[in-house]
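Quick notes on the structure that follows.
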Amino acid sequence: MKIENSVVLVTGANRGIGLAFAQALLARGARKVYAGARNPATVTQAGVTALQLDVTNPADIAAAAKKTSDVTLVINNAGVAQPGGFLAHDSEAVTRRIFETNVFGMLNMSKAFAPVLKANGGGALLNVLSVASWVNDGGLAAYSASKSAAWSMTNALRHELASQHTQVLGLHMAYVDTDLTRGFDVPKTSPEDIVQRALDGLEAGADEVLADALTQQVHQALTAPRPFYLPQSH
């Protein structure tokens, strides 16, 4: 898929990785970039079209699909996280809340926009995942589980959408310097670097992008006899 002259919808585009995607897409010649956010007033990037879009709200998704019928690339970036393990007193509520955005939000966006992409020649779906798709030490238990589910869903969508010529790419990365990791004292990659590698992979026709060294290391260790754990913040 080529970025130049594409029409792109980015969820969670008002900050962090989503904002970096919007900026990079414009720089690479996208014809139009829809910037989805729960509050469109928080979208301040020049050159984009702000869009009311809470991915946990089916009405927002349906309205967005109707308004953006020219989309050729959907970037499912919106996500939430919360520290804590599965034995915490509120773990069920936390897990449900995180899955609503990270899993069901992605699922419903993909279902709503698959016909739009098909009508526009196939296009592509880019799902923002994580190195946490593969490792879970309990520190971000529900988030990691949600990313595992989203990774599995991404792989299934790749097969389901192949007949309509829709490219499906999973983007994995470790710690990125955004609001989500503000309290983590660990090495971080800039959102701009992650996004550039993601878009390079998309244009190269890749199925997955392992966007930093730690992610590549963890991926390589998946066949190791013992589980791999991420470095702890301190």
Side-chain angles (χ1 to χ4, degrees), residues 1-13 16-22 24-26 28 30-37 48-49 51 53-58 60-79 99-130 133 146-173 194-211:
M1 160 123 199
K2 297 302 179 186
I3 302 302
E4 187 174 5
N5 206 39
S6 63
V7 178
V8 190
L9 169 59
V10 184
T11 67
I17 296 173
L19 175 58
F21 264 117
L25 289 162
L26 292 171
R28 289 187 181 219
R31 176 158 49 92
K32 185 186 295 184
V33 177
Y34 295 105
V48 304
T49 301
L51 185 69
L53 182 55
D54 178 349
V55 300
T56 68
N57 185 332
D60 273 10
I61 294 175
K66 191 172 182 178
K67 291 177 183 176
T68 64
S69 59
D70 52 348
V71 161
T72 60
L73 168 61
V74 174
I75 299 179
N76 281 316
N77 165 73
F99 267 65
E100 280 297 323
T101 297
N102 297 1
V103 180
F104 294 110
M106 183 180 289
L107 171 62
N108 291 329
M109 282 290 298
S110 301
K111 290 173 66 176
F113 279 90
V116 176
L117 295 173
K118 181 179 181 179
N120 293 323
L125 191 67
L126 193 164
N127 290 342
V128 177
L129 305 172
S130 171
S133 304
S146 75
K147 290 300 183 178
S148 293
W151 175 47
S152 181
M153 178 168 58
T154 298
N155 292 335
L157 288 170
R158 186 174 300 114
H159 291 281
E160 292 189 59
L161 295 175
S163 62
Q164 69 174 49
H165 307 292
T166 297
Q167 179 185 354
V168 178
L169 183 147
L171 169 63
H172 299 269
M173 81 290 285
I194 296 296
V195 164
Q196 293 300 336
R197 291 164 193 165
L199 296 181
D200 285 347
L202 183 72
E203 292 199 304
D207 290 339
E208 283 195 323
V209 169
L210 312 181

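- Between the Ser152 side chain and the Ala149 main chain, no donor and acceptor come within less than 3.5 Å of each other.
- Atom CD in Glu208 sits 9.5 Å away from atom CG in Leu171 (nearest 0.5 Å).
- Ionic pairing of Arg28 and Asp200 is present here: one or more N-O contacts between side-chain nitrogen and carboxylate oxygen are shorter than 4.0 angstrom.
- Inter-residue side-chain proximity for Val48 and Val10 is flagged as unmet; no heavy-atom pair is nearer than 4.5 Å.
- In this structure, the side chains of Leu126 and Phe21 come closer than 4.5 Å at one or more pairs of heavy atoms.
- By the 4.5 Å heavy-atom criterion applied to side chains, Met109 and Asn127 are not counted as neighbours.
- You'll find the side chain of Asp70 reaches within 4.5 Å of the side chain of Tyr34, heavy atoms only.
- With rounding to the nearest 0.5 angstrom, the CG atom of Leu9 is 5.5 Å from the OG1 atom of Thr68.
- Met106 is not listed as a side-chain neighbour of Val128, based on a closest heavy-atom distance of 4.5 Å or more.
- Counting only heavy atoms from C-beta outward, the side chains of Val7 and Asn120 never approach each other to under 4.5 Å.
- Annotation: side chain of Phe113 is not in contact with side chain of Asn76 (no heavy-atom distance under 4.5 Å).
- In this pair, His172 and Trp151 present their aromatic rings perpendicular. The plane angle is above 60°, beyond the 30 to 60° band.
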Applying side-chain contact (heavy atoms from CB on, under 4.5 Å) to Met1 and Thr72, what does each step give before you reach the verdict? CA-CA 9 Å; Met1 160 123 199; Thr72 60; 3.6 Å; yes
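- When each of Leu53, Val55, Leu51 is tested with Asp60 by the rule side chain to side chain contact (heavy atoms under 4.5 Å, CB included), just one qualifies, namely Leu53.
- A 4.5 Å side-chain heavy-atom check between Lys147 and Asn102 finds at least one atom pair inside the cut-off.
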